[in-house]
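Here's the structure, in structure tokens; my notes come after.
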Amino acid sequence: LISNLLKPYSRKIMVIHNYPRKSSNFKIKIFNLFTKLSIKYFANKVVSVSYDCSLVLSDFLKKNVLTIHNGINTKLELKNKKRSLYKRLLFVGEMDKRKGLDTLLKAIQNKVFNEKKIHIIIVGSGDKSYKDNFIRACKKSNYLFSYLGFRKDIDKLMLNCDILIVPSIYNESFGMVLLEAYRAKIPIVSTNIGGMKEVILENKSALVFKPNDWEGLGKNVNAIITKKDLKNKLITLGYELLLNKFSSKIMADKYGELI
């Protein structure tokens, strides 16, 4: 808004990264109204990060929304992975019900992993009550469990883990963590919803299971652990997909075309 007031005649592109929130909450209603007014009077163009998100936003805003996928630097110094007797399963994200942690918990509680030496590593912050209940339940399992809280060294953590778990059940507009995993060359077991469908080549760049399907999650983890060729294929195709579609240069070039 300040930028609009200081430079009222400059060309402005508004980028929206998330789906609109429909709620009776007063603060959310005010935020939605402010967003609509800002776009109506100040934005020359509106961009979102996935076709799925753009479609929902177009209906919500009653305005055409363009799509430019997120991109990241594709180069990462790959150091030798720290050895471990355990297979390390990593979750990175907000500790929230929509992220599908209940699905991961059910997989843990039902002992779906064939490998006995499993280390569950959770990274992220979130609602204290939900987080505490999840951690308490995980610590009762037979698997090694670590909660690391919010971390900035995600690349380092990925380089020293064996599988990334992305069990989201709704409201995923893109899935940046998928790109980070492609770059770190760690295989992915994930749901495939919302904008994530544009980032994942199903069962080629990641093994996919349905939302809430804890058995499917376990089956895919077991497949990656036991089939080295499958693991290597997922890593190779994931990195190729990153290079060909989701580099920061590709993203920057597309934004440059709008200016």
Side-chain angles (χ1 to χ4, degrees), residues 72 76-96 99-126 131 134-168 175-191 196 199-200 203 205-209 213-239 242:
I72 62 172
L76 181 66
E77 185 180 353
L78 298 176
K79 297 181 180 179
N80 291 331
K81 183 177 294 186
K82 293 181 180 178
R83 291 187 177 183
S84 174
L85 296 175
Y86 291 82
K87 293 298 180 181
R88 294 156 292 191
L89 311 186
L90 176 67
F91 168 88
V92 178
E94 183 182 2
M95 296 197 70
D96 182 89
K99 291 294 186 178
L101 282 168
D102 291 346
T103 308
L104 177 58
L105 180 58
K106 286 182 180 179
I108 293 169
Q109 292 173 330
N110 285 279
K111 303 176 183 178
V112 297
F113 307 123
N114 294 336
E115 175 68 44
K116 292 182 178 180
K117 291 186 176 181
I118 292 287
H119 185 181
I120 309 293
I121 302 172
I122 304 295
V123 177
S125 56
K131 178 183 69 176
F134 178 82
I135 292 172
R136 192 179 303 113
C138 284
K139 286 184 175 179
K140 293 178 182 178
S141 75
N142 294 328
Y143 302 122
L144 183 63
F145 175 79
S146 297
Y147 171 64
L148 305 183
F150 176 79
R151 295 283 291 262
K152 292 184 178 180
D153 57 339
I154 302 303
D155 289 332
K156 181 179 178 181
L157 291 171
M158 285 187 174
L159 289 173
N160 286 295
C161 286
D162 298 287
I163 301 173
L164 178 73
I165 308 294
V166 188
S168 302
M176 281 295 291
V177 70
L178 299 169
L179 301 190
E180 292 169 331
Y182 290 156
R183 179 174 63 186
K185 298 185 177 180
I186 174 175
I188 303 167
V189 169
S190 176
T191 52
M196 293 165 68
V199 186
I200 290 174
N203 298 327
S205 66
L207 291 189
V208 168
F209 63 97
D213 180 12
W214 53 268
E215 291 178 298
L217 186 160
K219 179 182 177 181
N220 287 344
V221 167
N222 291 333
I224 290 175
I225 290 175
T226 56
K227 300 176 182 178
K228 189 174 181 180
D229 289 347
L230 172 63
K231 173 185 173 181
N232 291 336
K233 184 189 80 170
L234 294 170
I235 289 172
T236 299
L237 292 178
Y239 190 65
L242 174 68

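Source: prediction; values computed, not measured.
Leu148 places none of its side-chain heavy atoms less than 4.5 Å from the side chain of Ile122. With a 4.5 Å cut-off on side-chain heavy atoms, Leu159 and Leu76 count as touching. Counting heavy atoms from C-beta outward, Ile165 and Val221 have side chains that approach closer than 4.5 Å. A 4.5 Å side-chain heavy-atom check between Ile200 and Val208 finds at least one atom pair inside the cut-off. The shortest distance between side-chain heavy atoms of Ile188 and Tyr182 falls below 4.5 Å. Phe91 places a side-chain heavy atom less than 4.5 Å from the side chain of Pro167. Contact of the Phe209 side chain with the Thr103 side chain is registered, since non-hydrogen atoms from C-beta on lie closer than 4.5 Å. The shortest distance between side-chain heavy atoms of Leu207 and Ile224 falls below 4.5 Å.
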- request: Determine, step by step, whether Asp153 and Arg151 satisfy the salt bridge (charged side-chain N to carboxylate O under 4.0 Å, His left out) criterion, reporting the C-alpha distance in whole Å, the side-chain angles of both residues, the deciding distance to 0.1 Å, and the verdict.
  value: CA-CA 6 Å; Asp153 57 339; Arg151 295 283 291 262; 2.8 Å; yes

task: Give the C-alpha distance, both sets of side-chain angles, the deciding distance and a yes or no for side-chain contact (heavy atoms from CB on, under 4.5 Å) between Lys219 and Val112.
output: CA-CA 7 Å; Lys219 179 182 177 181; Val112 297; over 6 Å; no

task: Take Leu105 and Cys138 through the test side-chain contact (heavy atoms from CB on, under 4.5 Å) and record every step on the way to the result.
output: CA-CA 7 Å; Leu105 180 58; Cys138 284; 3.9 Å; yes

task: Test Glu115 against Asn222 for side-chain contact (heavy atoms from CB on, under 4.5 Å), laying out the working first.
output: CA-CA 7 Å; Glu115 175 68 44; Asn222 291 333; 5.7 Å; no

message: For a side-chain contact (heavy atoms from CB on, under 4.5 Å) check, start with the C-alpha distance between Tyr147 and Lys131, then their side-chain angles and the critical distance, and finish with the verdict.
response: CA-CA 10 Å; Tyr147 171 64; Lys131 178 183 69 176; 3.1 Å; yes

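Phe113 and Tyr143 have their aromatic ring centers within a separation under 6.0 angstrom.
Using a 3.5 Å distance cut-off with no hydrogens or angles, the side chains of His119 and Ser84 do not pair a donor with an acceptor.
Going from atom CD1 of Ile186 over to atom CG of Asp155 covers 11.0 Å, rounded to the nearest 0.5 Å. Here the straight-line distance linking atom OG of Ser205 with atom NZ of Lys233 works out to 10.0 Å at 0.5 Å rounding. A distance of 13.5 Å separates CD1 of Ile135 from CD1 of Ile120, quoted to the nearest 0.5 Å. The distance from atom CG of Asp213 to atom NZ of Lys106, rounded to the nearest 0.5 Å, is 10.5 Å. Interatomic distance, CG of Leu90 versus CG of Asp162, reported as 10.0 Å (0.5 Å rounding). Rounded to the nearest 0.5 angstrom, Met95 CE and Leu101 CG are separated by 5.0 Å.
Taking the ring centre of Tyr239 as origin, the terminal cationic atom of Lys185 falls inside the region bounded by 6.0 Å and 45° from the ring axis.
When each of Val123, Val166, Leu157 is paired with Val92, the side-chain contact (heavy atoms from CB on, under 4.5 Å) condition holds for Val123 and for no other.
Asn220 places no side-chain N or O within 3.5 Å of a backbone atom of Val189 that could act as its donor or acceptor partner.
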